[in-house]
Number of protein chains: 2
Amino acid sequence: MTKDIESTLKSKNINPTAMRLLVLDFLTKQTSAISLNDLEKGMGPSDRITLYRTLKTFEDKGLVHSIEDGTGATKYALCDIGCDGENHHDLHVHFYCNSCKETFCLPNTKIPEIALPAGFEPQEMNLIIKGICELCSH
Amino acid sequence: MTKDIESTLKSKNINPTAMRLLVLDFLTKQTSAISLNDLEKGMGPSDRITLYRTLKTFEDKGLVHSIEDGTGATKYALCDIGCDGENHHDLHVHFYCNSCKETFCLPNTKIPEIALPAGFEPQEMNLIIKGICELCSH
DNA sequence: GAACCGATGCAATGCTATTGCAAAGTACGT
DNA sequence: ACGTACTTTGCAATAGCATTGCATCGGTTC
């Protein structure tokens with residue numbers, strides 16, 4: 001369904017180049033968030049920096065969001081519908097599995113309201129839960 | 001109160017060397033979490049690697065906990081009473097100020113219970129809230 | 001004093017993120 | 001079709017943090 005991928009890019013105002021189609025196609029096939037390294041290994045031989053910039057572009061345009069899961073390597077995953085460059089709606093929980101080392105989005109698990117001390121004004125939130133994922137707990 | 005600092009180290013089974021006394025003393029004077037760079041700059045001329053290992057030792061022994069606030073540099077802050085090497089009780093919220101770039105522990109703001117999807121078993125949680133801190137919001 | 005062990009300091013390395021610059025490709029107006 | 005301008009890509013290079021190996025130093029023990 002290259003057509004779908006292409007129109008997805010266009011709807012986000014991203015020029016649909018061959019490289020970007022490939023990257024987006026790869027991203028849609030993932031079941032967990034991937035790092036730049038994963039992407040580089042998963043794709044054919046391509047330039048690491050180009051992949052890096054492709055992810056940055058996607059992030060700017062609200063197509064993917066980045067996740068700092070504490071491993072040191074930034075992970076990327078497709079956004080939910082409704083994200084744009086200005087406003088990422090990625091206020092869901094991210095889960096890092098200590099067993100398989102994968103990072104998952106839990107889009108249906110929202111971060112609850114937190115009562116902050118007076119004077120603190122929240123703008124973004126980032127909740128990483130580490131543990132054993134569904135697949136590894138069997 | 002060098003005596004207090006020394007006994008704190010001993011109570012955590014850490015050999016109280018001159019360097020460690022200095023580092024711990026410095027840590028107790030902080031109002032926010034500090035990075036290795038901050039420590040290096042704040043202390044007199046000392047070896048970066050030694051400071052790094054000192055922090056690691058403190059972390060192993062449950063004296064400080066490390067915070068990944070997404071800036072790329074690991075921050076360290078003193079633990080609450082009750083932490084040990086096996087079990088860090090750092091389940092409080094960490095707040096990163098987008099204005100002054102400081103990272104604060106909010107020890108009285110606990111992470112609420114999160115209902116995870118079936119099969120996911122949580123072990124650790126890490127909640128970073130970014131925004132404007134109390135001092136900068138005035 | 002000799003052997004030993006932990007702590008320290010220096011050198012060196014690995015990895016991720018990031019930028020500069022040049023080449024290749026694409027779009028557009030004439 | 002041609003040239004120009006803009007975008008994208010690829011390569012080289014750099015910066016910063018984390019981490020390890022090894023030698024040295026200092027104190028402890030026998």
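Side chains included, hydrogens not; waters and symmetry mates left out as well; all remaining heavy atoms used. The sequence lines fix the lettering, A, B, ..., with proteins before strands; numbering per chain opens at 1.
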Whole-Å gap separating C1' (D:dC17) and CD (A:Glu68): 13 Å
Using whole Å, what does the distance between atom P of nucleotide D:dT8 and atom CG of A:Asn13 come to?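 Rounded to whole Å, this separation is 11 Å.
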For nucleotides 13-16 of chain C, which of its nitrogen or oxygen atoms have a protein nitrogen or oxygen under 3.5 Å away, and what is each distance?
residue	atom	partner	partner atom	Å
C:dT16	OP1	A:Asn37	ND2	2.9
C:dT16	OP2	A:Asn37	ND2	3.1

Output yes when at least one side-chain N/O atom of [X] is less than 4.0 Å from OP1 or OP2 of [N], else no.
X       : N      : value
B:Lys56 : D:dA18 : no
B:Ser46 : C:dG9  : no
B:Thr17 : C:dA7  : no

Please set out all donor-acceptor pairs under 3.5 angstrom arising from side-chain atoms of residues 112-135 of chain B, sequence neighbours excluded.
residue	atom	partner	partner atom	Å
B:Gln123	OE1	A:Asn98	ND2	2.8
B:Lys130	NZ	B:Asp69	O	3.4

Any side-chain donor near an acceptor of the partner, B:Ser35 and B:Lys75, under 3.5 Å: no
For nucleotides 19-22 of chain C, give me every protein contact, N/O to N/O, under 3.5 Å, one pair per line with atom names.
residue	atom	partner	partner atom	Å
C:dG20	O6	A:Arg53	NH2	3.4

Enumerate, atom names and distances included, each donor-acceptor pair closer than 3.5 Å involving a side-chain atom of residues 18-28 of chain B, sequence neighbours excluded.
residue	atom	partner	partner atom	Å
B:Arg20	NH1	B:Asn15	O	3.1
B:Asp25	OD2	B:Lys29	NZ	2.8
B:Thr28	OG1	B:Asp25	O	2.6

Give, for atom NE2 of A:His65 and atom OH of A:Tyr76, the distance between the pair rounded to the nearest 0.5 Å.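 Output value for this atom pair is 11.5 Å.
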Just the table, please: protein N/O against nucleotides 24-30 of chain D N/O, every pair under 3.5 Å.
none

Residue list, side-chain hydrogen bond (donor to acceptor under 3.5 Å, both in side chains) with B:Thr109, at least two apart or on another chain: none
Criterion side-chain contact (heavy atoms from CB on, under 4.5 Å) on B:Phe58 and B:Lys12, from CA distance to verdict: CA-CA 9 Å; B:Phe58 284 3; B:Lys12 296 285 185 180; over 6 Å; no
Ranking B:Lys75 and A:Arg20 by the position along DNA chain D of their nearest nucleotide, the one closer to 5' is A:Arg20
